[in-house]
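The block underneath contains the structure these notes are about, expressed in structure tokens.
Atoms within each ligand, like the ligands themselves, are counted from 1 in listed order.
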Amino acid sequence: MSVAKKEYKRITTKTLVDMKKKGEKISMLTAYDYTMAKIVDSAGIDVILVGDSASNVMAGHETTLPITLDQMIYHAASVIRAVERSLVVVDLPFGSYQSDPKEALRSSIRIMKESGAHAVKLEGGKEIKESIKRILNAGIPVMGHLGLTPQSIYKFGTYTVRAKEEEEAEKLKEDALFLERIGCFAIVLEKVPAKLAAEVAQSLTIPIIGIGAGSGADGQVLVTHDMLGMTHEFNPRFLRRYLDLYSDMSNAFQQYIKDVKSGDFPSDKEQY
Ligand code: KIV
């Protein structure tokens, strides 16, 4: 059991800000289903993100755009049933908050009410300020997401590193400060230069959680299926694989098939 796990019985948005104050790094991973969430939560993770990356890893879509609000709520409710300690943050999917602040609030309320989640995350800065304010005014904690924002992939045209140029870096810094000022409790910074992420983390009091944003962030997030090596075709530089589950699972499946075909399974002890 980790030190952090003993110290914090239940992680809240306030816990994360306190962790930043103490210089304690924040760990965050994705989960989309009960079984995975149970393992991740009991391992002692601080934050579980029910990410719209479910669109890719669970449903096989090329982008995060197709996943619906109903589908996100289904994933989030499954995760919540497993979790005892982690803070559970749920992505507002593409199309559920961009058109107007009332819709953003309605979508967030549905997530909180129907899944039991603890907070929502949405992509963007000043351009979605009215939506963020409305959600916050309803008492729903909001995590921001800047840098590479996959819901805008067709605007960017590529998944390469963002904010390498001065102008975009300045806008990102302004957006981060703005999100803090209006009341977001944390911000995900995706695929931006490490120096920029460190600068943002140092200038803000709320935690910056990085993915492909270097070691200067206040915490790190990875997609669980990627760090477990289940998605072996995805190989960005920032990804550290802790297992090669694709190979291990494939070997196990092949062995099972062999055992069934040969009549080796079930044995006398494996039947009634
Ligand atoms: O959807 C997701 O998994 C995310 C992370 C990559 C931060 O937003």
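- Lys171 NZ to Arg162 CZ: the interatomic distance, rounded to the nearest 0.5 Å, is 11.0 Å.
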For residues 213-223, which side-chain N or O atoms pair as donor and acceptor with protein atoms under 3.5 Å away, sequence neighbours left out?
{"residue": "Asp218", "atom": "OD2", "partner": "Lys20", "partner atom": "NZ", "Å": "2.8"}
{"residue": "Asp218", "atom": "OD2", "partner": "Ile208", "partner atom": "N", "Å": "2.8"}
{"residue": "Gln220", "atom": "NE2", "partner": "Gly214", "partner atom": "O", "Å": "2.9"}

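- Scored by the ring-ring contact (aromatic ring centres under 6.0 Å, His included) test, His118 finds no partners at all (sequence neighbours excluded).
- Checked against a 6.0 Å centroid threshold, the rings of Tyr32 and His225 count as neighbours.
- In terms of the salt bridge (Lys or Arg N to Asp or Glu O under 4.0 Å) criterion, residue partners of Lys22 (sequence neighbours excluded) are, by chain and number, Glu7.
- One hydrophobic cluster, built from ILVMFWY side chains closer than 4.5 Å, cannot hold both Val17 and Val89; they sit in different ones.
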Please tabulate, one line per pair, the protein N or O atoms found under 3.5 Å from any N or O atom of ligand 1, giving the distance to one decimal.
{"residue": "ligand 1", "atom": "1 (O)", "partner": "Asp52", "partner atom": "N", "Å": "3.2"}
{"residue": "ligand 1", "atom": "1 (O)", "partner": "Asp52", "partner atom": "OD1", "Å": "3.0"}
{"residue": "ligand 1", "atom": "1 (O)", "partner": "Ser53", "partner atom": "N", "Å": "3.0"}
{"residue": "ligand 1", "atom": "1 (O)", "partner": "Ser53", "partner atom": "OG", "Å": "3.3"}
{"residue": "ligand 1", "atom": "1 (O)", "partner": "Asp91", "partner atom": "OD2", "Å": "3.1"}
{"residue": "ligand 1", "atom": "3 (O)", "partner": "Ser53", "partner atom": "OG", "Å": "2.5"}
{"residue": "ligand 1", "atom": "8 (O)", "partner": "Lys121", "partner atom": "NZ", "Å": "3.0"}

